[in-house]
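To start, the structure under review is shown below, and the notes come after it.
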Amino acid sequence: MIVRRLLAAMLLVVIAAPLVHAVEPSERLSDPALEARARGLSKELRCLVCQNQSIDESNADLAHDLRLLLRQRLVAGDTDQQVLDYIAARYGVFVLLDPPFAPLTWVLWLTPPVLVLGGGGWLLLRARRRRRDPAVPDLTEDESVRATLLLGEPR
Amino acid sequence: MLVEIGHFALILAMLVALVQGTVPLVGASVRSRALMDLARPAALLQFGLVALAFATFMHAHIVSDFSVRNVFENSHTAKPMLYKVTGVWGSHEGSMMLWVLMLTLFGGLVAGLGRALPASLRARTLAIQGLLGFGTLLFIIATSNPFDRLFPIPADGRDLNPLLQDPGLAFHPPFLYFGYVGFSITYSFAIAALIEGRVGAQWARWVRPWALSAWCGLTIGIALGSWWAYYVLGWGGWWYWDPVENASFMPWLLGTALLHSAAVVEKRETLQRWTVLLAILTFGMSLIGTFLVRSGVLTSVHSFAVDPTRGVFILVLIALVIGGGLVLYAFRAPGLEAGNPFAPVSREGALVFNSLLLCAGMATVFLGTFYPLFAEVWSGVKLSVGPQFFNATFLPILMPGIVAMVIGPVLAWRRGNLMAALRRLSPALVGAFLAPVVIFLFNRTAPPAALLGVALAAWAMLGVLTDLADRSGLARLPMRTSWRRLSHLPRGTWGYALAHFGVGVLIAGIVVSTAWRSERIESMHAGDSLEIAGRTLRFVGVTEGDVANYHVERAQIVVERPGGAAITLYPERRWYPVARSQTTNTAIATNGFGDLYLALGDSDGQGGWVLRAYYNPLVPWIWFGAVLAALGGLVSLSDRRLRMRLPAARAPVTVAARPVDS
């Protein structure tokens, strides 16, 4: 509890410092494990005012605020998922670079495996149908000897 | 005056394109030699006119003629000459000009080099190319005219987006567009073949060199683009799954499939329909890519043109090109000759397998890129699809492809023996198993995904080497014999070997640089130092100055490593006052096996500067691999088999084509 309060106090100091660039040294949490989680999470959140960057990469003020906010949540004891939910609830699902598996994204997540499995199954079926009616039978031994005589040894 | 000549030439080119796109088509269907033969001079003339228009446009940029709106909006008198030239394609109008220049270049090349083609196929191919040219030129003249004038004439320009004032970005569009638009000619060949109703080995032999050249250009273009992103954007990443990157990656994936399946048509007269479909879709993806970049419908770091009328125009063009192509395909493809049969386990089978994966991969990238748009349209919810999605779906799809890519070339055509192939590849198998084990022994915390990646990279590289050793009889035959065999291998084989080895190198670069990169981000004062990857970085200080059209802050950092000479690196930040924007110019020291990557951040105003230091192991291999792959394409292109048969095939094919015509 005391540790947490200390960390929160440190955070306040951090917020007070004027900052404008991506992942500033001064934003960092002192606990390396927590900081590692913070870095991982900040790669999954989109900077809303930038074109197409995560808040980990962006140097916009908003990205900076979000980096601090997610660290605050982590220090407060949130799990990774809770932090993402917390931020998504305030800024919309648009901030989540890793789209969650929800009805809206079922098509997104399920199409790739369906394509691969469906395409593969279709090919197998075709191959099996083909095998049942062989259009060109294999050469007999005699024919292959004659072919070798005509064409030379296969390379 | 020159500007008006260019403008006039562009309009004339559009009219020539209309003639080129209609008369030879009619000629081919009524079998009028005279009308068909119009295609060649028309294609050459169209290229000449577009080249003239392009040259005058470039001239306006070089002399900073601010009476031209495009020059005013994208140039500045203080801009270095190099960027005045390359700034030509830095804007929307200019890049469309480059696009149409490439389109007519390919038409002109086919007109000039395709003497051996049967008259009707050549006429139809050039006619389709002419129609594509007409559509693009109409788009340029109607919605994005580069020759628009301004009055009164401004005294100075607004400067080019500083991010674009960089050698990497300046030179990658010509390569990229060469590749993008190069697939237009395979599209035209495919449509012409559908009209003719014939797709055979000979057709594939004509199409392959064009597909190969376009593919090489696209490979180099994508590699240059990602290299640019790597050293400019300032945090050491090199691929962002950004819509614009995906725009070039989708045609690349399909183009790769096309290249291989055209080879199957050439060698085995099978997969004809599939190849034609791929040719249509590959160029379709190039167009969709253009739409993506030019319309600005998706948020991207690169989009610098947002205009709905342009977007709608390109959408109509896409609908006509892809839709028209697919409708024709639906009607004509069933009439194409059925291919020769083959067993699932065969070289054809492996190529079909990889075609499937490349297409599924492309569809995944497509879906991920456009999904936010679809979702917003049907539910009103704005959502993001970031790198996490692509890594989770695209990478697993491509992995089996890497495995098959090594096995395929050692399988026999028609019917192969998987066990025999694996036995031949056993050295590679052993290597692919040992490489991650050795790494694991030295680094117990290595992530499993990285170990899998290392295994795949080793498999791809060693597989090629094993195959080459096997083909030359190394260790079985006397050294001299196997050396002679090796040097007598056809260029096509060397091309395959280089390209596939390059893929292995690329994977190694991607996996190792992603899994084992180190990072330090610290606030530094003069005299401070920090350690990264066994190196000591000493921060000497920051100097400021004004250069050409920007203001620079440059840090001096001395890098020392035990047992090596000290080097000095100068990461910079630049402020472009006219364009009012800032860029980071990183400093990178590389030894071919890893990059020390430094980027200068903000100052705290009290002598402290944020320094980002990264050590990216094997990252240069990503570009080495891409270059090897493109080199492989070029070597294949120089294969005698692709060139020599062209004139030799003339007589029999024209005879054979006659019954189809009548």
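Every heavy atom of this structure was used, including side-chain atoms; hydrogens, water molecules and symmetry mates were not. Naming: A, B, ... by sequence-line order, numbering from 1 per chain.
Considering only heavy-atom pairs separated by less than 4.5 Å from chain A, the leading option among B:Gly386, B:Ala375, B:Ser384 is B:Ser384. With respect to chain A, the highest number of heavy-atom pairs below 4.5 Å among B:Thr364, B:Asp604, B:Leu383 belongs to B:Leu383.
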N/O donor-acceptor pairs under 3.5 Å from side chains in residues 92-107 of chain A, not counting sequence neighbours:
| unit_1 | atom_1 | unit_2 | atom_2 | d |
| --- | --- | --- | --- | --- |
| A:Thr105 | OG1 | A:Pro100 | O | 2.5 |
| A:Thr105 | OG1 | A:Ala102 | N | 2.9 |
| A:Thr105 | OG1 | A:Ala102 | O | 3.1 |

Which donor-acceptor pairs under 3.5 Å do side chains of residues 391-400 of chain B form with protein atoms, sequence neighbours excluded?
| unit_1 | atom_1 | unit_2 | atom_2 | d |
| --- | --- | --- | --- | --- |
| B:Asn391 | OD1 | B:Trp241 | NE1 | 3.3 |
| B:Asn391 | ND2 | B:Pro387 | O | 3.4 |
| B:Thr393 | OG1 | B:Phe389 | O | 2.8 |

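With a 4.5 Å cut-off on non-hydrogen atoms, B:Ser523 touches chain A through its backbone and its side chain both. For B:Leu357, the part sitting under 4.5 Å from any heavy atom of chain A is the side chain, from C-beta outward, and nothing else.
Shown here for B:Gln388 and A:Lys43, the closest heavy-atom pair between the two residues is NE2-O, 3.2 Å.
In this structure, CZ in A:Arg39 is found 4.0 Å from CD in B:Glu519, a value given to the nearest 0.5 Å.
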